[in-house]
Colleague: 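Take this structure first; my questions come after.
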Amino acid sequence: MKLRTLATAAAAAALIVSGIGTADASPEKPVAPSAASVQTTTKEKANSPAPKPGRPQALAATSECAPVVEGRTSCLTVTTPHAGLKPTNAQEVPTAVQALQIPKWCIDHAYQGVYGLRNEACEVNGLTFTTYRITNGTRTVTGEAQMNVINYEFTDKGGPTWAHQIEVSAYLGWGDAITATVEGTASASGSCNRANATFPAQGLSPTGSWRIGEAYYGTTATAPGAIGFCTTNWQLTFRAAGYDPATANYGRDNVRCDNATGGNPYTGCVVPWYPSPAFYRQANTPELARHVSLAQASGLPGATFEAPLTRTTDPAVSGPNRTMACGDAPSIPDKSCDEYPLATSRQGLTAGGTRRTFDNCSFGLPQQSGPTGVSVCMISRNEQDSQGGTMSQFYRWERVLDGDPFRVLVIA
């Protein structure tokens, strides 16, 4: 039988591979992420999901399945996801598949492309499976199943493993198409091994139910200083009795694992494009918080997903950033010069611009606005020292490496 293959929009940004990847490594399963989707405090809201940079904001339907040859066959088209999507719950997950309940933020946001957090990424696609026959050149549709597909992964910042979960649910269907089965094959490429995968053949009926696959992977980037990337893929195969099967590929290329995070002797895996927030508390460091708030309000980057900071670990950048900002700071007892953006970012004065300041900062500089340059202010030395510890812990825990985006947020 012929095999019709569709590379979906979810896979377009990923390297799609065939076969079973380097298999049968046996890392332990990753720790499930915390319930970030239901956080409600100011700090927790800052950990909201963000769209992957460069992703399209909408999925366009593909062209109608084209006739091929005489006989019965099937095909798949990418469509806009059904807005009434209902995620799985614990009772719907088969015991053979230890899948997670899909987070609410995925259901709320991921229709417009990939959304993610530092250890999760998700995308929702629409997919239509059509069966038809061609007789004397005439095409007759014999069935159709309209589906949502959830493409979700989660990592462990403190461990070398992650999971790629795929879920399929038909919400409308008729004829031969709705009698079809779906099954999945998982594969991987890059610095990783596939540990195990489960997606046996399951019927699309009844509508509104979920068919779930789960695959686990482990990084090979475990040596000290190692950094590795991995692309994973689920190939879904739809089969209706008497028809040629059709397949769709759903890739994820969001995972980076490393054993190169300063101060962290363990391997861990993250979604590297997500800009995690570092928090400065007004209650603990009021002078630091005031300066950063004023600097960001003046137009300097770092507070938003659209304009994050970018970490540098290059002393040839961070050193001059600091010297150019604070080299002529006044000598004031118990005070220290604070520069924003941070010297450990690529947005310091080595990137251009001039200095600015604010009232009660002890610098005779103009108060100006704009997205380039730095702000300087003399603040409590204890708070300045505290900031250094906060950022070291943040970089270590969030595995923020050279070139990674991050944010700086002031909270109560």
Side-chain angles (χ1 to χ4, degrees), residues 42-43 45-48 50-55 57 272-282 285-330 332 335-380 383-384 386-388 390-391 394-395 398 400-412:
T42 301
K43 180 177 180 179
K45 284 182 178 179
N47 284 300
S48 58
K52 183 178 181 180
R55 292 292 300 177
Q57 291 303 300
W273 53 260
Y274 180 81
S276 293
F279 297 104
Y280 296 167
R281 290 188 177 274
Q282 292 177 334
T285 54
E287 294 181 26
L288 172 64
R290 172 185 177 272
H291 177 223
V292 171
S293 295
L294 290 170
Q296 291 178 341
S298 74
L300 293 173
T304 66
F305 291 123
E306 294 77 17
L309 299 180
T310 306
R311 190 188 179 193
T312 180
T313 59
D314 184 354
V317 176
S318 60
N321 276 346
R322 189 171 289 109
T323 299
M324 293 167 69
C326 293
D328 62 350
I332 302 175
K335 294 283 188 178
S336 179
C337 177
D338 180 56
E339 76 279 353
Y340 185 89
L342 283 74
T344 52
S345 77
R346 295 181 183 177
Q347 285 74 27
L349 283 177
T350 55
T354 59
R355 293 190 297 173
R356 71 189 67 171
T357 193
F358 302 97
D359 291 339
N360 302 315
C361 282
S362 302
F363 274 88
L365 295 169
Q367 298 187 29
Q368 57 191 24
S369 62
T372 61
V374 301
S375 174
V376 291
C377 188
M378 298 301 291
I379 67 170
S380 160
E383 292 188 25
Q384 182 72 28
S386 172
Q387 180 197 32
T390 295
M391 294 308 301
F394 166 74
Y395 290 148
E398 295 297 308
V400 180
L401 303 183
D402 186 71
D404 279 2
F406 68 98
R407 290 171 291 149
V408 175
L409 302 180
V410 174
I411 60 175

Colleague: Taking the side chain as everything from C-beta on, heavy atoms only, tell me whether F406 gets closer than 4.5 Å to V408.
Modeller: yes
Colleague: Checking side-chain contact (heavy atoms from CB on, under 4.5 Å) between L300 and each of P371, S369, S375, which is the one that passes?
Modeller: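 Of the listed options, the one satisfying the test is S375.
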Colleague: Mark yes or no for whether E398, through its side chain, and A278, through its backbone, hold a donor-acceptor pair below 3.5 Å.
Modeller: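 Between the backbone of A278 and the side chain of E398 there is no qualifying donor-acceptor contact (under 3.5 Å).
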Colleague: Decide yes or no for Q347 and T310: does some side-chain heavy atom of the first lie under 4.5 Å from some side-chain heavy atom of the second?
Modeller: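 Result yes, sub-4.5 Å side-chain heavy-atom pair found.
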Colleague: Short question: side chain of T357, backbone of V376 - any donor-acceptor pair under 3.5 Å?
Modeller: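 Yes, because the side chain of T357 sits within donor-acceptor range (under 3.5 Å) of the backbone of V376.
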Colleague: Please work out whether the ring planes of Y274 and F305 are parallel, tilted or perpendicular, with thresholds of 30° and 60°.
Modeller: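 Y274 vs F305 ring planes: tilted.
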Colleague: Could you work out, with salt bridge (Lys or Arg N to Asp or Glu O under 4.0 Å) as the rule, every residue matching R290, not counting sequence neighbours?
Modeller: none
Colleague: G373 and P341: which non-hydrogen atoms are nearest, and at how many Å?
Modeller: O-CD, 3.5 Å
Colleague: Between F363 and C377, is there a side-chain heavy-atom distance shorter than 4.5 Å?
Modeller: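 In short, these two side chains do not touch, never coming nearer than 4.5 Å.
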Colleague: Suppose we screen for salt bridge (Lys or Arg N to Asp or Glu O under 4.0 Å). Which residues come up paired with E287, at least two apart in sequence or across chains?
Modeller: K335
Colleague: On a heavy-atom basis, which atom in A307 and which in P301 lie closest, and how many Å separate them?
Modeller: O-CB, 3.5 Å
Colleague: Going by salt bridge (Lys or Arg N to Asp or Glu O under 4.0 Å), name the residues that satisfy it together with D338, two or more places apart in sequence or in a different chain.
Modeller: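 Checked D338 against salt bridge (Lys or Arg N to Asp or Glu O under 4.0 Å); zero matches.
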Colleague: Let me confirm one number: the CG-OG1 distance from D404 to T313, rounded to the nearest 0.5 Å.
Modeller: 10.0 Å
Colleague: If you take all heavy atoms of R407 and P308, which pair is closest and at what distance?
Modeller: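 Smallest interatomic distance, heavy atoms only, reads CG-CB, 4.4 Å.
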Colleague: Are E383 and Y280 packed together at the side-chain level, in the sense that at least one heavy-atom pair is separated by less than 4.5 angstrom?
Modeller: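 The answer is no; the side chains never approach within 4.5 Å.
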Colleague: Listed by chain and number, what are the side chain to side chain contact (heavy atoms under 4.5 Å, CB included) partners of T372, not counting sequence neighbours?
Modeller: none
Colleague: What's the verdict on side-chain contact (heavy atoms from CB on, under 4.5 Å) for I332 and S362, showing C-alpha distance, side-chain angles and the deciding distance?
Modeller: CA-CA 9 Å; I332 302 175; S362 302; 3.6 Å; yes
Colleague: Taking all non-hydrogen atoms of both residues, which atom of P405 and which atom of W273 are closest, and how far apart?
Modeller: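 So the minimum-distance heavy-atom pair works out to CG-O, 3.5 Å.
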Colleague: Which residue pairs pass the salt bridge (charged side-chain N to carboxylate O under 4.0 Å, His left out) test when at least one of the two sits in residues 339-362, sequence neighbours left out?
Modeller: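 Residue pairs passing salt bridge (charged side-chain N to carboxylate O under 4.0 Å, His left out), neighbours aside: D328-R355, R346-D402.
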Colleague: Quick one: which residue pairs count as a salt bridge (charged side-chain N to carboxylate O under 4.0 Å, His left out) with a foot in residues 300-327, not counting sequence neighbours?
Modeller: none
Colleague: Determine whether Q387 and I379 make a side-chain contact, defined as any pair of heavy atoms from C-beta on separated by less than 4.5 Å.
Modeller: no
Colleague: Are any non-hydrogen side-chain atoms of M378 and C337 less than 4.5 angstrom apart?
Modeller: yes
Colleague: Under the side-chain hydrogen bond (donor to acceptor under 3.5 Å, both in side chains) rule, what do T344 and Y395 come out as? Steps first, then yes or no, please.
Modeller: CA-CA 11 Å; T344 52; Y395 290 148; 2.9 Å; yes
Colleague: Taking all heavy atoms of G302 and all of Q296, pick out the closest pair and write down the distance.
Modeller: C-NE2, 3.9 Å
Colleague: Flag the pair L309 / Y340 as yes when at least one side-chain heavy-atom distance between them is below 4.5 Å, and no otherwise.
Modeller: yes
Colleague: Would you kindly say whether Q282 and S293 are connected by a side-chain donor-acceptor distance under 3.5 Å?
Modeller: no
